[in-house]
Each structure stands twice: as structure tokens, then as C-alpha cells.
Amino acid sequence: MPDNIQQKIESLREELHQHNYSYYILDEPSVSDFEFDTKLKELQELEAAHPEFADPNSPTLRVGGGITKNFPTVQHQYRMYSLDNSYDFEDLEDWEKRIIKTIDEPVEFVAELKYDGASISILYEDGKLSQAVTRGDGFQGDEITNNVRTISDIPLKLKGDFPDRFFIRGEIYLTRKNFEKINKSREEEGLDLFMNPRNTASGSLKMQDSAEVRKRGLSAVLYQYISEEFPADTHWEILAKAKNWGFRVSEDQAKLCKTLDEVKEFITFWDTARHKLPFEIDGIVLKVNSLKQQRQLGFTAKSPRWAMAYKFKAEKVETQLVSVSYQVGRTGAITPVANLKPVLLAGTTVKRASLHNEDIIKKLDLHEHDFVYVEKGGEIIPKIVGVNTEKRTLLQTPIEYIKFCPECGTELVKIEDQAIHFCPNELHCPPQVVGRMIHYVSRKALNIENLGGETIEQLYREKLIENPADFYTLKKEQLLPLERMAEKSAQNILDGIEKSKEIAFEKVLYGIGIKHVGETVAKKLVKNFATIDELKNATLEELCQVEDIGMKIAVSILEFFSNSENILMIERLRSYGVKLEKGENTNEVLSNVLEGKTFLFTGKLSLFTREQAEEMVEKHNGKNISAVSKNLNYLVVGEKAGSKLKKAQDIGTITILDEQQFLDLIG
Ligand code: AMP
Ligand code: ZN
């Protein structure tokens, strides 16, 4: 029987790997989404019931879920070099001359796109993804295997005739579309927007929760094979092979060039065509095709002599400043924006550019109606990089930064060590009022689904809500007249609001938006102050005694509770039944007996469920991890424990407990 189940699990895995490949790499789905999901679910259930057959490369792990607190540092077996840069064709001609000095036979080049993301080195052993490491400083990087497993473009298992052990390198990036999607949802949650796809991609790779990484929708492309031995004589052939093993490779948009002239054509083509790509590139990478020639050329202290990056010039145009307007963000931060005479730049018409803050305006010495240079760099929003002062007349006056909030007229404040101006009218400045309510309903706070930023703005404009307590008095008759509001969505909103009364106190505390009280601080506060009244009555001293609460946070809490409008809102929330005190079964820590210890449960448990077990570990300040490794302290085994038990025994340093022994341990 178990044999049968193991076979079933393995064949499902095999089948799902194949479908993933067809879908993500070939772009030709081989089954319907529904069929795929059904099979995936079947596999998930079997795996949950039979942990002894676990496999770190199962397609079910694509969805993520493992948490990594600290990413281990890993030495690169082969150093990850940088690339030399060139900026014009003359640089390239010089490079070719240097090559010809060493190599006296014809040289071919592979021209590839220079993907603008984060580089990664992935180790495959026996056709399975075994480790993924960031570039780091080139000598060592961070191991982010679990996060990389969630990226659909990266095969967990290879096909065909692959070498036993090799590294493959490539770039993890975000498409423009997914980048915009992320920013849109951040905007709705009232969070700061990300600057550009590149930083977002590398930041995403370092998130602790791999399920969150999955949601970012990262892409990957592989462009270099490294190992003791090579499966072909040229880079071009290896790319083709890697493609057959199941990788998405740079070859798809690359070209094998016999002469430097062909290289130049390729560059000229992509210099304009790049704007139509669904992702960003910042240049072209050229590589000598023959591996023998690559070895002859070798490396400088920093980079291979056989490769060269060609960087595109950031496109720059001149246009005229029409006016400067000021936006008030949901946190009260003021952003100056330049309105420009429309101009074509990098394939799109630009009408506005960010000016960031007053210091930047001063540095540019920007005057009314100046002619300015606009550039599109790595950022999505173009920026002003200079002024054509020759075109300035004596009549033009310098731009004067505003003193009062354009939304509510309150005098602005400039925080000393920041360059940014704020509107201090938190409770009545319209964008801030809306921002506060959006924050209240956001997922990590009261999690009121179906109530998006636009609806909140509408409700505010209709004067139906002004602070979070007002949500609880909304009636269906008030919602229905709103734009695009059907009976069903109105009911969903009301249901969501009703459900929020069950949300734990710590999330409510985070949701009411006390400045500097983020998720973690809210949790710490609730540990020390069980009710909102205790918190309200706490003195500065008492607040500062709480772990991680410093002066800045403590003062902000005191200020919050000294405002009568906030007190009124809290009293109203209380009267509607919102939780303002700690419940009995919150995740409080019962003891520290397991502090610093890691646990993993395997086999069929009979005294408690896996979830209960993991909860117990957390309540006694231990940590659950998801795989057997040297980092594991205790493996708790139930009936029919399989491969994990064996692996733990092989490692030798792991304490193996049965269920009763585990209970004894936590007393
Ligand atoms: P730089 O960071 O400017 O030194 O450029 C080197 C980086 O370019 C490498 O670390 C890779 O992350 C990246 N890169 C992007 N596309 C390619 C490609 N097709 N081949 C090699 N490196 C690439
Ligand atoms: Zn204001």
C-alpha cells in the first residue's frame, strides 16, 4: 500500500513538473488551469498525509510558505565576476583588438540582452534544484533556495540528458506589468511605492516568507553554465542544451554574431526595440562564443576578458517646465511634481517628472518656465537632470517651495534630518484621512475585504465616513447609490465590516494608525498592555520599559491618546464591538524552555495534530523549520517516519523524540 502511494505521489509530481514546463517555458499550456489545480490539490493532500515522502522540489512547494529568518551565507564555488562596461562602438572595437592580440583565429560573439534584475547562481544535482545563492560580493552570497523555488520560470527538476552537477547563472527580474501591479496594490494599502523593477526584484528575493515572494510574480532567465566540465564547445550550444533541460535561456532574444558589425546591428536594433519589451534591460552583453577562446582570454581582477557589457545611454530630451504642483501623500508627505510641455522620451510621451523634494529643486536652481533636461533612467518616472540656463531670461524667477498644504491649507513642517515636508494635519487633511481609513481596512490590519481605496475615497467625498469608526455605521442604502456598486458588492462590504469585529486586538492597534506603531510594535505592546485602556493610561516610563519601544514611539503613543478625537473614535469602536483587548487564545508565549531550538515533526502523529504541535513550539519560544539539516535540533517522529528520520540519523547531531518525549520537554 505505501509503495502505491509513493508511486502515486511521484507520478503526480512528474506530471505537474511537465505541465509547469509547458506553461511557463514553452508558453503552451498542456492542460486547463482547473485540471492543473485539481491535480495539485490531490498531491498536496497526499503529501500532507504522508510526510515521509516529502521532497523539497515538489511542485506543491512552488506556492511557498517556508519562512527564513536569516539567510545563510554561502561561498561561491566559482566566483561571480562583474562585467566590463562599454558605452560606444569605439569601446567595442578596442575590446575586439585586445582579443585579437591573444587569439589568432576567427572570433564569434554571442550577443544577449542585459537583463536588469538580480543575479543568481543555482546548483543542480542529479537534475534537481539543490541550492540558489545571490551574487553578494561575488565571492559569497546569501542562500535563498526556498524563495527561488517559488519562481515559475525556474525548473525544480530537469528533463533529458543533463550533467550530474552544475551551476547555472541568470537574472531574476520583474516585468513592468507585475511591477505596476505591486505598486497599485501597495498604493491601495497605503504603503510607500517601490522605485523601480530592479530594486523590487532583489528586495523580493530577500523576503522572509516565501509565500510572499511567490505573490510578487518574479521572472527568471538563465545565461551561463559553469561546472568542472562543459557539455559542448561553445556558449551558444550550451544555451541550446540548457533550453532542452527545461531552462528559460537568454538565447530566445540573443544572436550568434560572426563579426563585430553584426554585433553593432544587434545593439542598434535593441536600443530602440527595448522599449517594447515587457521587462527592462540596461544594455547588451557580448560573450566570446568559443569556450576554448574564453579560457585563453581568462579574467582580469574583476571581470572576464571574454565578455563585455554595452550600456545604453539613458535617453535625454529637452522640454519646458510649465508649472510645479505639489501632491500630498497618504502619510502627509509632500511631493513636488514638474508639469512639462509634452515630449517624446524612450517611446512614451512624458508630461510630468518627479522633483522629489525642496533640496533637489534648489540644487537644480529651477526657475519658472525653465528649459529642462529630462532623463529616463532605471526609475519608471522620468526625472529632471539639469537646466539649460542659456535659454533663461531675466524675467524668470526661482521656484518658491510652498509653505502651506495645497489640500487643507495647514502650514507645512520640515522634519529636521529629512529633506521632506509634511502636512501635520493628520486628522483632517483629505488625503491623510483617506490614507488612514485605507490603512485600517488593509490586509494586515482589520482585513476588510471588498473595500478598496476607490470606494473609500467615494464614501469620503460623499461625507459618509471620516474615520475608521464610521465604517460601522454604514448602511446598504448609503452604499447602493455609489458608482459601480451592485447589491451584492454592497452586501459583501457590510459583511466584511461585520467580520472585522473578530479581528485580534494587536491588529486593531496596528490598524488605528498610531504613528510609528507598525505590526511588530503593536504585537509587543499587546504583550505588555492587555487592553487599550491600560495602554492609554501608560506613562512614558512604562512605555519605554517595553522591549524595542524607544522614546520616539512612546511619545507618539502619548500624543495619540492625548487627542480627544482619537479617544472618541476608540470609544465608538468599542461600542460597535471591535476588539480592544487581548483574547484568551492569542499566540502568547507560555515559556522560554525551547528558546533558540528548532523543531520538525514527521510521520503520522497521534497525540496532537501537526498544527497543534507547531503552535506549541511557538508558544514555548521555539522555532519550526521545514527540512532536516544541520540547523535542526529536534526531530519529533510519529508512526511510519520515513526519509526525514533516516536523514536526521545520518547527520547525527539531531535529537530524535517521540510525541510523549516532546510533551515532557515542554512540561
Ligand atoms: P554590472 O552589474 O553592471 O557589473 O553587470 C554585470 C551583471 O549583469 C551581472 O552580474 C548580471 O547580473 C547582469 N546580466 C544581465 N544580463 C546578463 C547576461 N545576458 N549575461 C551576463 N550577465 C548579465
Ligand atoms: Zn494638509
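Position 1 is the first residue of the sequence; numbering continues from there. For ligands, and for the atoms within them, numbers begin at 1 and follow the listed sequence.
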Lys287 neighbourhood, listing ligand 1 atoms whose heavy-atom distance to it stays under 4.0 Å: 18 (C), 20 (N), 21 (C)

Sidechain N-carboxylate O distance under 4.0 Å for Glu112, Lys287: yes

Residue Ser82 vicinity, atoms of ligand 1 by number, heavy atom under 4.0 Å: 4 (O)

At the Zn ion (ligand 2): angle between Cys429 atom SG and Cys423 atom SG, to 10 degrees: 110°

Gap separating the CD1 atom of Ile168 from the CD1 atom of Ile154, nearest 0.5 angstrom: 10.0 Å

Those atoms of ligand 1 less than 4.0 Å from some heavy atom in Arg135: 10 (O)

Distance, nearest 0.5 Å, that separates OG of Ser152 from CZ of Arg248: 10.5 Å

Atom indices of ligand 1 within 4.0 angstrom of Leu113 heavy atoms, with elements: 16 (N), 17 (C), 18 (C), 19 (N)

4.5 Å side-chain heavy-atom contact, Leu427 and Asn566: yes

Any N/O pair Asn85/ligand 1 closer than 3.5 Å: no

Within reach of ligand 1, part of Glu112 (heavy-atom separation under 4.0 Å): side chain

Which residue and heavy atom of the protein sit nearest atom 16 (N) of ligand 1, plus the separation: Tyr115 N, 3.0 Å

Plane angle bin for Tyr223 and Tyr115 - parallel if under 30°, tilted between 30 and 60°, otherwise perpendicular: parallel

Closest protein heavy atom (residue, atom, distance) for atom 13 (C) of ligand 1: Glu171 OE1, 3.5 Å

Side-chain ion pair, Lys515 and Glu559, N-O less than 4.0 Å: no

Per atom 1 (P) of ligand 1, closest listed option by heavy atom (Arg169, Lys114, Lys302): Lys114

Heteroatom proximity flag, Tyr81 to ligand 1, N/O under 3.5 Å: no

Any N, O or S atom of Cys405 closer than 2.8 Å to the Zn ion (ligand 2): yes

Charged N-O contact under 4.0 Å between Asp91 and Lys311: no

Side chain, backbone, both or neither: the part of Tyr223 lying under 4.0 Å from ligand 1 by heavy atom: side chain

Residue portion contacting ligand 1 (non-hydrogen atoms closer than 4.0 Å) for Met80: neither

Passing option when Trp245 is tested against Tyr124, Tyr21, Phe166 for ring pair (Phe, Tyr, Trp, His ring centres under 6.0 Å): Phe166

Check: His439 and Arg330 side chains under 4.5 Å, non-hydrogen atoms: no

Side chain, backbone, both or neither: Lys311 near ligand 1, heavy atoms under 4.0 Å: side chain

Test of proximity, Val285 against ligand 1: N or O pairs below 3.5 Å: no

Pair Glu407-Gln432, side-chain donor/acceptor within less than 3.5 Å: no

